[in-house]
Amino acid sequence: MPQHEHTQSGPHEHHGQREHHGGATSWSMAAQATLHCLTGCAIGEIVGMAIGTALAWHNVPTMILAIVLAFVFGYSLTMRGVLRAGLDVRSALRVALAADTVSITIMELADNATIVVFPGAMDATLSDVLFWLSLALSFAVAFLVTTPVNRWMIGRGKGHAVVHQYH
């Protein structure tokens, strides 16, 4: 019996989710998923840090706000796309949670750990070059750590793979 194009049980999955050699998910697809996730995280973190700095909060509450907003903006970017594809809000939220939770969590762990260990970064303000350099480094580290995880998840039909049917 021939396989249907939308099944994912064969060695060569369709819609670019798997390459034909060795069945490995493409690095390009994983990098795109990670960049999408990083965009939402970066927006949320910068907004959170700007708010915390403007309100003269200490490091921990500022970091918590930045992390919460990273999830909010990350999920929102995914929801925006799937809402345009015609899903209702509840279904779009489910897709966003399934697509982004692991990716955002790993990204937040990696980039916040980088900030914490970067000398002086926790005390830098928005007007300090050190703030922006440490933030850029933390996003680069988060991208490098999260991309292989996204590749692995997409190859198993998880993570951003659940969003691809709505594009």
Side-chain angles (χ1 to χ4, degrees), residues 25 27 29-85 87-167:
T25 301
W27 282 105
M29 180 180 285
Q32 287 177 327
T34 306
L35 283 174
H36 177 269
C37 203
L38 183 61
T39 300
C41 288
I43 293 168
E45 286 197 27
I46 292 169
V47 168
M49 287 185 264
I51 292 169
T53 300
L55 297 175
W57 288 359
H58 293 285
N59 290 336
V60 173
T62 299
M63 188 177 271
I64 290 169
L65 177 62
I67 291 168
V68 167
L69 290 178
F71 277 90
V72 169
F73 279 91
Y75 291 143
S76 295
L77 286 180
T78 297
M79 286 184 64
R80 183 186 69 173
V82 295
L83 286 168
R84 271 195 251 141
L87 263 66
D88 61 276
V89 172
R90 187 178 201 165
S91 297
L93 179 59
R94 285 187 190 145
V95 168
L97 292 172
D100 293 336
T101 300
V102 171
S103 182
I104 295 172
T105 300
I106 291 169
M107 192 166 287
E108 287 303 301
L109 288 170
D111 76 22
N112 283 289
T114 302
I115 294 289
V116 167
V117 300
F118 197 100
M122 289 297 292
D123 296 319
T125 64
L126 296 173
S127 62
D128 294 331
V129 171
L130 178 60
F131 172 87
W132 296 102
L133 287 175
S134 62
L135 188 62
L137 176 65
S138 76
F139 290 152
V141 168
F143 177 82
L144 292 173
V145 170
T146 308
T147 299
V149 175
N150 280 335
R151 182 177 184 239
W152 181 83
M153 289 181 9
I154 292 167
R156 281 145 189 81
K158 307 286 186 207
H160 273 262
V162 301
V163 175
H164 288 272
Q165 64 184 311
Y166 302 107
H167 291 295

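Treat the numbers as computed from the prediction; the structure is a model and nothing was measured.
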Side chain to side chain contact (heavy atoms under 4.5 Å, CB included) for Leu93 and Arg90? Distances and angles first, verdict last.
CA-CA 5 Å; Leu93 179 59; Arg90 187 178 201 165; 5.9 Å; no

Check the pair Met49 / Met63 against side chain to side chain contact (heavy atoms under 4.5 Å, CB included), numbers first and verdict last.
CA-CA 7 Å; Met49 287 185 264; Met63 188 177 271; over 6 Å; no

Between Asp100 and His36, is a side chain to side chain donor-acceptor pair (under 3.5 Å) present by the stated rule, with each step listed?
CA-CA 10 Å; Asp100 293 336; His36 177 269; 4.7 Å; no

Output, in order, the C-alpha distance, side-chain angles, deciding distance and verdict of side chain to side chain donor-acceptor pair (under 3.5 Å) for Thr62 and Asn59.
CA-CA 5 Å; Thr62 299; Asn59 290 336; 5.9 Å; no

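Side-chain contact check for Phe71 versus Cys41: every heavy-atom pair is 4.5 Å or farther apart. Contact annotation: the side chain of Trp132 approaches that of Leu135 to within less than 4.5 Å [non-hydrogen atoms, C-beta and beyond]. Using a 4.5 Å heavy-atom threshold, the side chains of Met153 and Asn150 count as touching. You'll find the side chain of Leu137 stays beyond 4.5 Å of the side chain of Leu133, heavy atoms only. Residues Thr147 and Trp27 have side chains in contact (heavy-atom distance under 4.5 Å, counting atoms from C-beta outward). In this structure the side chain of Ile51 reaches within 4.5 angstrom of the side chain of Leu65, judged on heavy atoms. Between Tyr75 and Ile104, the closest side-chain pair of non-hydrogen atoms falls below 4.5 Å.
Asn112 places a side-chain N or O within 3.5 Å of a backbone atom of Glu108 that can act as its donor or acceptor partner. In this structure a side-chain-to-backbone donor-acceptor pair under 3.5 Å is missing from Ser91 to Asp88.
Taking CD1 from Ile64 and NE2 from His58, the interatomic distance works out to 12.5 Å, rounded to the nearest 0.5 Å. Rounding to the nearest 0.5 angstrom, the gap separating the CG atom in Asp111 from the CZ atom in Phe143 is 13.5 Å. In this structure, OG in Ser138 is found 6.0 Å from CD in Glu45, a value given to the nearest 0.5 Å. A distance of 4.5 Å separates CE in Met107 from SG in Cys37, rounded to the nearest 0.5 Å. Rounding to the nearest 0.5 Å gives a distance of 4.0 Å between CG of Leu126 and OG1 of Thr53. In this structure, Leu69 CG and Ile46 CD1 are separated by 11.5 Å, a value rounded to the nearest 0.5 Å.
Listed here is the closest heavy atom pair of Ala92 and Leu83: CB-CD2, 3.7 Å. The two atoms that bring Ala96 and Met79 nearest to each other are CB-CG, 3.6 Å, heavy atoms only. Annotation for Leu77 and Thr39: closest pair CD1-CG2, 3.9 Å, computed over non-hydrogen atoms.
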